[in-house]
Amino acid sequence: MNKLVNGVILMILGVVSIHAQTPVSVGSGSYASFPPASENQDDWNGDGQGDLYPFVFDQPIYVSDNETRPIPTNDWWTDLIIQQYGGLMWAYPLVINPEDYGVQLFYPNSFVPDGSNMEYGGSMTISAANYAPDKAIASDWSDWGVKMSMPQASNNTNMDVTFAHGVPFAWFETQGIDPELSFDQGASYLTAGGAAVQFPTTSSFVVQTDGRYFGIHLDGTSSAEIQGQQYVTIDLGSAQTITDVDLHWETAFASGYSLQVSNDNTNWTTVYSETNGDGGYDSLSVAASGRYVKIVLSERGTIYAYSLWEVEIYNGATLLSSGQPVEVSSYEAFYTGNLVTDNNHGTRWASDGSQQESLVLNTGSGNAYFVVSALPSPADLTTYGAYAYNKVVDTEVQYDYDVIAGEVDVDWNITTVNLQGGAAGNTIQGFIPHQYEIADNSISFTANNYVTSRGTMKTAIGNSFSFTYDFGGILPNYNAPYLNSGDADPYDAEVMFDLLTRFSKKQGYGGDTYWGGKDLVNFAKYTLMAKEMNHQAYESLKSKTREALVNWLTYTPGETEKFYARYDRWGAIVGFNESYGSSQFTDNHFHYGYLVLAS
């Protein structure tokens, strides 16, 4: 019995010692070794328990098991390390969204009507049969690039996705799966010249969906084929000369489709392709012959599936299709295929809206790679293909400040690996206005630009880029204004003096990193203004500012606000009280920027 009691006491003491609270000294300051219990009060998930400690001590950190680097807690892809499947990562021009079934890709290329946000548009989903990743982790990263791994331990499968800010490629490397690409708005498949792709294929091609063009760059051995594609096939009974095909669309039209003919219902020849259909009535002139005519439906023109009132096939003035047998990929309810040849424009065929077309990459072994690019146009497939296989594996920004010249030199350096086994080469890198508009550079930008929420993103080809910015320093504060009676609202020293007097009497300040941080900046600014004005409150304001800064930059056990604490597992320092999710790394850059500026 005594052994049991002693064991329990030792276990309790062990738990306490693991979380023993001590100040950690750094120079003249200090921080808490971990957040004190007073901060573990908020119940974010409504389970009656404080949720900060589980996050600090137990929350999985979604990085590789052997990762020892400090965790980037405020990067554009930080969601990836905090949530099991991360969140939307705006790499520009692509947006990557990991899910429990694979990856969803967006290519925003316009704004919503009121201009408040980017329009996501139709998405591409990359998944696979019998593949359900356990998580998405950051398995590697650099200054503006990241590699995401999505393993499924139970069957030893995985998908690695590499992407970088401003780079119009996403590199997919698979283990043990045959990727399936599907498109929520349907898709048309094109060559660089705009012709319809003949599947199966091992060549690279373009996917057009919802006004966007994705390049699919294959590894040369994987074969792409379509599964679940919707179609209507009409049997003319015997080989016929075909001069015209009329399509009468219901509201659910296809914006992308092709006409194919065959004599055996197996080997097909495409005689017409449409990638920008607008529904209504399509009268198509063709020069073809065959027994079978197939309408292959590839891209939806609406949120619905596909529907046709009637299909009329002619040889001159002779209607060939009336009453002929029809085969369809699917149908909904009683809207069956035979209704497109019944000579009745009041009846229609409708496809089953639950059917999902997918593009399957048959890899053979399941171990393969492919690259997705954000293309400005189908014609860019060839140009982008020259750089698509140069996977970005490292990115580094370096800068140098020449005080005498008043210039900041910034170098962007990119390291690539060629997936085809060749020499490492260049990539395509994008830059947004604040990077190129006020900088001296010798970069030869391409003609291809992208729309972003931060302005036009220009692109350049290479692996090293340099910019020089004029920088004469920053004035820490302004001197006292002077009176100019000619001003519309002349400076009034008495008003200014009164503002300083009233502020000097302010007692207390916010105890959180956001509002309290703003208060710190105000204290510092008013102190400087009082000095310039020779205000009698200068010394007291300076004392208050110093006291406030010292308070924030030191920790004394028992404090409940205005201190910093370490998250040891994360390698992070977090300020308390937190606000607006800052204890989970939301907006820490400007919360703590207030402290830096005030200091």
Side-chain angles (χ1 to χ4, degrees), residues 94 104-110 119-126 179-218 223-233 245 247 249 251-261 268-280 282 284 286 293-308 311 328-330 351 353 355-361 370 372-382 384-385:
L94 294 170
Q104 190 178 26
L105 276 185
F106 297 93
Y107 175 11
N109 61 3
S110 61
E119 180 70 69
Y120 286 96
S123 67
M124 173 196 299
T125 295
I126 299 97
E180 297 180 7
L181 282 59
S182 58
F183 305 88
D184 60 357
Q185 297 298 315
S188 298
Y189 307 98
L190 311 172
T191 66
V197 176
Q198 300 299 311
F199 290 104
T201 183
T202 58
S203 300
S204 299
F205 56 91
V206 178
V207 177
Q208 175 182 294
T209 179
D210 197 24
R212 291 149 174 80
Y213 302 102
F214 291 100
I216 307 298
H217 309 268
L218 300 180
S223 175
E225 66 177 17
I226 301 294
Q227 294 182 358
Q229 190 162 44
Q230 299 300 291
Y231 63 85
V232 175
T233 300
V245 177
L247 305 178
W249 297 100
T251 301
F253 69 93
S255 60
Y257 64 89
S258 62
L259 294 181
Q260 300 178 357
V261 296
W268 296 91
T269 300
T270 299
V271 297
Y272 180 85
S273 294
E274 177 61 71
T275 58
N276 290 292
D278 56 4
D282 288 344
L284 313 175
V286 298
V293 177
K294 178 187 282 188
I295 305 148
V296 180
L297 306 164
S298 55
E299 185 172 2
R300 298 179 182 184
T302 69
I303 61 173
Y304 308 108
Y306 303 106
S307 184
L308 282 159
V311 177
V328 294
S329 51
S330 68
S351 69
Q355 296 294 309
Q356 183 72 40
E357 173 189 308
S358 63
L359 178 69
V360 178
L361 304 184
F370 64 97
V372 178
S373 60
L375 299 178
S377 72
D380 293 303
L381 177 68
T382 303
Y384 277 54

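All values below were derived from every heavy atom in this structure, side-chain atoms included, with hydrogens, water molecules and symmetry-related copies excluded.
- With sequence neighbours excluded, the residues satisfying side chain to side chain donor-acceptor pair (under 3.5 Å) with Ser373 are His217.
- Ring geometry for Phe183 versus Phe214: interplanar angle of 30 to 60°, hence tilted.
- Listed by first and then second residue, the salt bridge (charged side-chain N to carboxylate O under 4.0 Å, His left out) pairs that reach into residues 183-199 come to none, sequence neighbours excluded.
- With 3.5 Å as the limit, one finds no donor-acceptor pair spanning the side chains of Thr209 and Gln185.
- Applying the side chain to side chain donor-acceptor pair (under 3.5 Å) criterion to Ser258, with sequence neighbours excluded, gives no partner residue.
- Legend: residues meeting side chain to side chain donor-acceptor pair (under 3.5 Å) with Tyr120, ordered by chain and number and at least two apart, are absent.
- Ring centers of Trp268 and Tyr231: at least 6.0 Å apart, outside the cut-off.
- With hydrogens and angles ignored, the 3.5 Å screen pairs no side-chain donor or acceptor of Tyr107 with any backbone N or O of Gly121.
- Using modelled atom types, one finds no donor on one side chain facing an acceptor on the other under 3.5 Å when comparing Asp380 with Tyr213.
- For the residue pair Glu299 and Thr275, no side-chain donor N or O sits within less than 3.5 Å of a side-chain acceptor on the partner.
- Remark: the backbone N or O of Gly256 is paired with a side-chain donor or acceptor of Ser298 at under 3.5 angstrom.
- Residues Gln104 and Ser123 bring a donor and an acceptor atom of their side chains to less than 3.5 Å of each other.
- The list of salt bridge (charged side-chain N to carboxylate O under 4.0 Å, His left out) pairs with a residue in residues 206-215, not counting sequence neighbours, reads Asp210-Arg212.
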List, one per line, each side-chain donor-acceptor pair under 3.5 Å for residues 196-203, sequence neighbours excluded.
{"unit_1": "Gln198", "atom_1": "NE2", "unit_2": "Thr270", "atom_2": "OG1", "d": "3.2"}
{"unit_1": "Thr201", "atom_1": "OG1", "unit_2": "Ser203", "atom_2": "N", "d": "3.1"}

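- Checking side-chain atoms of Ser351 against main-chain N and O of Ala305 turns up no donor-acceptor pair under 3.5 Å.
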